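Hydrogens, waters and symmetry mates are skipped; everything else that's a heavy atom, side chains included, is used. Bear in mind the structure is a predicted one, so any value in this text is a computation, not a measurement.
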Amino acid sequence: MALLQIALHYGGHWLVPFLIARVLWAKNWLRAGLVVVSANLIDLDHLLADPMFDPDRCSIGFHPLHGWLAAGVYCAMLLVPKWWVRAFAVGALWHLAVDLGDCGMQNWS
(Lines give C-alpha, C1' and ligand atoms only; values in the text may rest on other atoms or scores of the structure.)
Protein backbone atom coordinates (compact mmCIF):
# COMPACT_ATOMS: atom_id res chain seq x y z
CA MET A 1 0.00 0.00 0.00
CA ALA A 2 2.87 2.40 0.76
CA LEU A 3 4.27 2.01 -2.76
CA LEU A 4 0.87 2.82 -4.27
CA GLN A 5 0.63 5.93 -2.07
CA ILE A 6 4.09 7.10 -3.20
CA ALA A 7 3.29 6.47 -6.88
CA LEU A 8 -0.03 8.33 -6.66
CA HIS A 9 1.49 11.21 -4.71
CA TYR A 10 4.49 11.88 -6.92
CA GLY A 11 2.68 10.99 -10.14
CA GLY A 12 -0.02 13.42 -9.10
CA HIS A 13 2.50 16.17 -8.48
CA TRP A 14 4.79 15.64 -11.49
CA LEU A 15 2.91 13.80 -14.28
CA VAL A 16 -0.78 14.68 -14.02
CA PRO A 17 -0.12 18.46 -14.31
CA PHE A 18 0.99 17.86 -17.90
CA LEU A 19 -2.21 15.90 -18.60
CA ILE A 20 -4.24 18.76 -17.12
CA ALA A 21 -2.37 21.23 -19.31
CA ARG A 22 -2.95 19.02 -22.37
CA VAL A 23 -6.69 19.19 -21.75
CA LEU A 24 -6.95 22.87 -20.81
CA TRP A 25 -4.24 24.42 -23.01
CA ALA A 26 -3.88 21.91 -25.85
CA LYS A 27 -2.11 24.30 -28.24
CA ASN A 28 0.70 25.15 -25.78
CA TRP A 29 0.36 22.20 -23.41
CA LEU A 30 4.07 21.78 -22.68
CA ARG A 31 4.57 25.42 -21.73
CA ALA A 32 1.35 25.40 -19.71
CA GLY A 33 2.36 22.09 -18.12
CA LEU A 34 5.58 23.64 -16.89
CA VAL A 35 3.58 26.44 -15.26
CA VAL A 36 1.08 24.00 -13.73
CA VAL A 37 3.88 21.83 -12.36
CA SER A 38 5.67 24.94 -11.05
CA ALA A 39 2.83 25.27 -8.54
CA ASN A 40 4.68 22.60 -6.58
CA LEU A 41 6.67 25.58 -5.31
CA ILE A 42 3.98 25.97 -2.68
CA ASP A 43 5.84 23.15 -0.94
CA LEU A 44 8.45 25.74 0.05
CA ASP A 45 6.27 26.37 3.10
CA HIS A 46 7.50 23.01 4.41
CA LEU A 47 10.77 24.80 5.16
CA LEU A 48 8.94 26.65 7.95
CA ALA A 49 7.92 23.46 9.75
CA ASP A 50 9.79 21.69 12.53
CA PRO A 51 10.47 18.96 11.66
CA MET A 52 10.57 19.94 8.01
CA PHE A 53 9.28 16.51 6.91
CA ASP A 54 6.99 14.29 8.92
CA PRO A 55 5.51 11.35 6.98
CA ASP A 56 2.58 11.14 9.42
CA ARG A 57 1.59 14.82 9.16
CA CYS A 58 -1.12 16.03 6.80
CA SER A 59 0.08 19.17 5.07
CA ILE A 60 -3.46 20.45 4.44
CA GLY A 61 -4.23 23.00 7.12
CA PHE A 62 -0.78 22.67 8.68
CA HIS A 63 1.44 24.59 6.25
CA PRO A 64 0.42 28.18 5.37
CA LEU A 65 0.35 27.66 1.58
CA HIS A 66 -1.65 24.46 2.08
CA GLY A 67 -4.49 26.04 4.08
CA TRP A 68 -8.02 27.04 3.28
CA LEU A 69 -7.14 30.75 3.04
CA ALA A 70 -4.46 29.94 0.48
CA ALA A 71 -6.96 27.76 -1.41
CA GLY A 72 -9.28 30.77 -1.56
CA VAL A 73 -6.48 32.88 -3.02
CA TYR A 74 -5.78 30.17 -5.62
CA CYS A 75 -9.48 30.14 -6.52
CA ALA A 76 -9.45 33.93 -6.89
CA MET A 77 -6.42 33.63 -9.16
CA LEU A 78 -8.62 31.69 -11.60
CA LEU A 79 -10.35 35.01 -12.35
CA VAL A 80 -7.14 36.74 -13.46
CA PRO A 81 -7.16 37.11 -17.27
CA LYS A 82 -3.52 36.01 -17.72
CA TRP A 83 -3.33 32.34 -18.83
CA TRP A 84 -0.20 31.64 -16.80
CA VAL A 85 -1.76 32.96 -13.57
CA ARG A 86 -4.75 30.69 -14.13
CA ALA A 87 -2.40 27.79 -14.97
CA PHE A 88 -0.50 28.33 -11.72
CA ALA A 89 -3.79 28.50 -9.80
CA VAL A 90 -4.97 25.25 -11.37
CA GLY A 91 -1.64 23.68 -10.43
CA ALA A 92 -1.83 24.92 -6.85
CA LEU A 93 -5.40 23.65 -6.45
CA TRP A 94 -4.41 20.32 -7.99
CA HIS A 95 -1.44 20.18 -5.60
CA LEU A 96 -3.81 20.64 -2.66
CA ALA A 97 -6.10 17.92 -4.02
CA VAL A 98 -3.19 15.49 -4.32
CA ASP A 99 -2.03 16.29 -0.80
CA LEU A 100 -5.58 15.91 0.53
CA GLY A 101 -5.79 12.49 -1.11
CA ASP A 102 -2.46 11.62 0.46
CA CYS A 103 -3.82 12.62 3.88
CA GLY A 104 -6.73 10.26 3.35
CA MET A 105 -4.40 7.42 2.40
CA GLN A 106 -2.36 7.93 5.58
CA ASN A 107 -5.29 6.47 7.48
CA TRP A 108 -5.22 3.26 5.40
CA SER A 109 -1.97 1.98 6.85
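- L47 and F53 fall into different hydrophobic clusters, where Ile, Leu, Val, Met, Phe, Trp and Tyr are joined by side-chain heavy atoms under 4.5 Å apart, directly or via other members.
- At least one side-chain heavy atom of W25 sits less than 4.5 Å from a side-chain heavy atom of V36.
- Going from atom CG of L8 over to atom NE2 of H13 covers 11.0 Å, rounded to the nearest 0.5 Å.
- When all heavy atoms of G12 and P17 are compared, the closest pair comes out as O-CD, 3.3 Å.
- No continuous path of hydrophobic side-chain contacts links I6 to V16 [ILVMFWY only; heavy atoms under 4.5 Å].
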Using atom types as modelled, flag every donor-acceptor pair under 3.5 Å from a side chain in residues 84-93 to any protein atom, sequence neighbours excluded.
unit_1	atom_1	unit_2	atom_2	d
R86	NH1	V80	O	3.1
R86	NH1	P81	O	3.0

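- Note on L19 and L34: separate hydrophobic clusters, where clusters join Ile, Leu, Val, Met, Phe, Trp and Tyr whose side-chain heavy atoms are under 4.5 Å apart, directly or indirectly.
- Annotation: side chain of F18 is in contact with side chain of L30 (closest heavy-atom distance under 4.5 Å).
- When the side chains of ILVMFWY residues are joined at heavy-atom separations under 4.5 Å, either directly or via intervening members, W29 and V35 end up in two distinct hydrophobic clusters.
- L78 is connected to L96 through a chain of hydrophobic side-chain contacts under 4.5 Å among Ile, Leu, Val, Met, Phe, Trp and Tyr, so both are in one cluster.
- Atoms CG and OH, from L15 and Y10 in turn, are 13.0 Å apart once rounded to the nearest 0.5 Å.
- Considering only heavy atoms from C-beta on, I42 comes within 4.5 Å of Y74 through its side chain.
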Using distance only, find each side-chain donor-acceptor pair of residues 57-69 under 3.5 Å and give its atom names and separation, not counting sequence neighbours.
unit_1	atom_1	unit_2	atom_2	d
R57	NH1	P51	O	3.3
R57	NH2	P51	O	2.8
R57	NH2	M52	O	3.2
S59	OG	D99	OD2	3.1
H63	NE2	H46	ND1	3.3
H66	ND1	D45	OD1	3.3
H66	ND1	D45	OD2	2.9
H66	NE2	D43	OD1	3.0
H66	NE2	H95	NE2	3.2
H66	NE2	D99	OD2	3.1

